[in-house]
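Report on the structure given below.
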Amino acid sequence: MTERELSFLKEHFKGHELDSAVKRVECGEPLAYVIGEWYFWDETFKLNDACLIPRPDTEHLVEHGLKRLKKGMYFADLCCGSGCIGLSLLKHTQATRCLFVDISVKALEMTRLNAERIGVIDRCELVCADLNDWHRFSDKRFDMIFSNPPYIATDVIRGLETVKHEPFIALDGGKDGLDFYRILIDRYLPLVKNDGSMLLEIGYDQKEDIESLCDCKVFNDYGGNPRVAIIDK
């Protein structure tokens with residue numbers, strides 16, 4: 001355990017609870033799950049083990065979104081997890097509204113809790129649904145759609161130590177990692193208004209794959225890796 005990790009634990013736990021938390025981290029459980037929150041953009045987000053741990057790479061969706069979202073726009077955060085993407089966008093825009101969708105009830109509980117803490121719950125609509133149930137949203141029209149969907153190939157996930165404690169369902173993108181991109185582009189892109197956009201996080205090695213599925217622009221993260229695909233209508 002690093003000194004930084006121990007410092008985080010001491011901020012959240014005392015006595016026997018601290019001893020227990022230290023053991024959990026030493027056994028490999030991610031610090032974010034042990035303390036029940038993590039940092040993203042300029043907020044601290046509560047999370048549980050049904051949510052992916054927010055990562056700096058995903059902040060690029062927020063960065064590009066804030067350049068495009070205008071006052072009063074209606075957008076969606078699909079596969080929202082803790083809600084960190086959509087809630088960050090709501091906090092920094094005026095009179096916008098967001099539909100949050102996730103397959104996990106436990107994850108949506110965190111989205112609701114975080115929305116209340118940040119003070120934007122009145123601008124949120126939360127729906128527990130599988131993205132394959134796209135027909136539930138066929139009457140919606142969005143100015144923008146954001147998503148950090150599952151995008152790791154099924155056979156690859158079990159070999160990745162960095163995500164072994166995170167929810168498999170939030171990682172599994174199917175045989176080639178592209179299942180959810182196909183659904184989003186085929187079924188949800190038509191719900192975006194003309195002159196609107198869909199912004200997707202992609203894996204570092206998926207630039208050519210996403211470009212084969214749609215006409216898009218791909219932007220790199222600060223490490224120089226492809227990270228955000230933007231589809232303009």
key: Crowding at CD, Glu26 (>12 non-hydrogen neighbours, <6.0 Å)   = yes
inquiry  = Among Phe146, Tyr188, Phe142, exactly one meets ring-ring contact (aromatic ring centres under 6.0 Å, His included) together with Phe75. Which residue is that?
reply    = Phe146
message = If I take atom CG from residue Asp19 and atom NZ from residue Lys14, how far apart are they, to the nearest 0.5 angstrom?
response = 12.5 Å
ask   = Are Leu131 and Phe137 close enough that some pair of their side-chain heavy atoms sits under 4.5 Å apart?
value = no
request  = Check for a donor-acceptor pair, side chain of Asn225 on one end and backbone N or O of Tyr204 on the other, with a separation under 3.5 Å.
outcome  = no
key: Under 3.5 Å donor-acceptor, Thr93 side chain and Thr96 backbone   = no
inquiry  = Tell me whether Asn48 contacts the main-chain N or O of Lys106 through its side chain, where contact means a donor paired with an acceptor under 3.5 Å.
reply    = yes
Backbone of Tyr151 reached by a side-chain donor or acceptor of Gln206 within 3.5 Å = yes
query = Taking 4.0 angstrom as the limit, do Glu17 and Lys23 come out as a salt bridge?
reply = no
ask   = Between CZ of Arg55 and CH2 of Trp38, what distance do you get to the nearest 0.5 Å?
value = 10.5 Å
Interatomic spacing from CG in Leu87 to SG in Cys124 - rounded to 0.5 Å = 5.5 Å
Distance-minimising heavy-atom pair for Ser88 and Cys84 = OG-O, 2.7 Å
task = Look at the side chain of Asp133 and the backbone N and O of Arg136, then say whether any donor-acceptor pair between them is shorter than 3.5 Å.
result = no
ask   = Tell me, do Leu200 and Ile210 make a side-chain contact under 4.5 Å, heavy atoms counted?
value = yes
ask   = Should Leu184 and Met198 count as side-chain neighbours, where that means a heavy-atom distance under 4.5 Å?
value = yes
request  = Would you list the pairs meeting salt bridge (charged side-chain N to carboxylate O under 4.0 Å, His left out) in which at least one residue belongs to residues 79-97, sequence neighbours left out?
outcome  = Asp42-Lys91, Glu43-Lys91
key: Note, Leu108 side chain near Cys128 side chain (heavy atom, < 4.5 Å)   = yes
ask   = If Ile, Leu, Val, Met, Phe, Trp and Tyr residues are connected whenever their side-chain heavy atoms lie under 4.5 Å apart, and connections chain through other members, are Phe219 and Leu89 in the same group?
value = yes
request  = Find out whether Asp77 and Ser147 are in side-chain contact, i.e. whether some heavy atom of one side chain is under 4.5 Å from a heavy atom of the other.
outcome  = no
query = What distance separates Ile152 CD1 from Leu171 CG, expressed to the nearest 0.5 Å?
reply = 5.0 Å
inquiry  = With a sphere of 6.0 Å drawn around NZ of Lys10, does it hold more than 12 non-hydrogen atoms of other residues, nucleotides or ligands?
reply    = no
Among Met144, Lys140, Lys193, Arg141, side chain to side chain contact (heavy atoms under 4.5 Å, CB included) partner for Tyr74 = Lys140
query = Do any N or O atoms from the side chain of Ser7 and from the backbone of Glu3 form a donor-acceptor pair under 3.5 angstrom?
reply = no
key: Nearest atoms (heavy-atom pairs only) where Tyr181 meets Gly203   = OH-N, 4.1 Å
query = Closest approach of Arg117 and Phe45, non-hydrogen atoms and distance?
reply = NH1-CA, 4.3 Å
message = I'd like to know if Leu189 and Leu78 are part of one continuous hydrophobic network [Ile/Leu/Val/Met/Phe/Trp/Tyr, side-chain heavy atoms within less than 4.5 Å].
response = yes
note = Shortest non-hydrogen pair, Ile202 vs Ala229, comes out as CG2-CB, 4.1 Å
inquiry  = Starting from Met73, can I reach Val192 by hopping between I/L/V/M/F/W/Y residues whose side chains sit under 4.5 Å apart?
reply    = no
Using residues 63-72 as the side-chain source, report each donor-acceptor pair under 3.5 Å to any protein atom, sequence neighbours left out, with the distance given to one decimal.
unit_1, atom_1, unit_2, atom_2, d
Glu63, OE1, Tyr222, OH, 3.1
Arg68, NH1, Ser197, OG, 2.9
Arg68, NH1, Asp232, OD1, 2.7

ask   = Are Asp102 and Thr111 close enough that some pair of their side-chain heavy atoms sits under 4.5 Å apart?
value = no
message = Side-chain heavy atoms nearer than 4.5 Å, only ILVMFWY residues, links allowed to pass through others: does that put Leu52 and Trp41 together?
response = no
task = Would you indicate whether the side-chain heavy atoms of Glu211 and Asp209 approach each other to under 4.5 Å?
result = no
ask   = So, do Leu18 and Leu9 sit near enough that their side-chain heavy atoms are less than 4.5 Å apart?
value = yes
query = Between the side chain of His165 and the main-chain N/O of Gly28, is any donor-acceptor distance below 3.5 Å?
reply = yes
ask   = Out of Leu213, Leu199, Ile185, Asp215, which residue meets the side chain to side chain contact (heavy atoms under 4.5 Å, CB included) rule with Ile231?
value = Ile185
request  = Specify the closest pair of heavy atoms between Phe13 and Val34, including all atoms of both residues, with the distance to one decimal.
outcome  = CZ-O, 3.4 Å
message = For Glu37 and His12, which I'm curious about, is there any donor-acceptor pair between the side chains at under 3.5 Å?
response = yes
message = Just verifying a value: how many Å separate Ile35 CD1 and Lys46 NZ, rounded to the nearest 0.5 Å?
response = 8.5 Å
request  = Would you kindly confirm whether Leu113 and Val120 end up in one hydrophobic cluster when ILVMFWY residues are joined by side chain heavy atoms under 4.5 Å apart?
outcome  = no
task = Determine whether more than 12 heavy atoms belonging to other residues, nucleotides or ligands lie under 6.0 Å from atom CG of Asp139.
result = yes
key: Considering all heavy atoms, the nearest Asp49-Pro167 contact   = O-CD, 3.6 Å
message = Using only atom types and a distance under 3.5 Å, with no angle test, would you say the side chain of Asn114 pairs donor to acceptor with the backbone of Met110?
response = yes
note = d(Asp172 CG, Asp179 CG) to nearest 0.5 Å is 7.5 Å
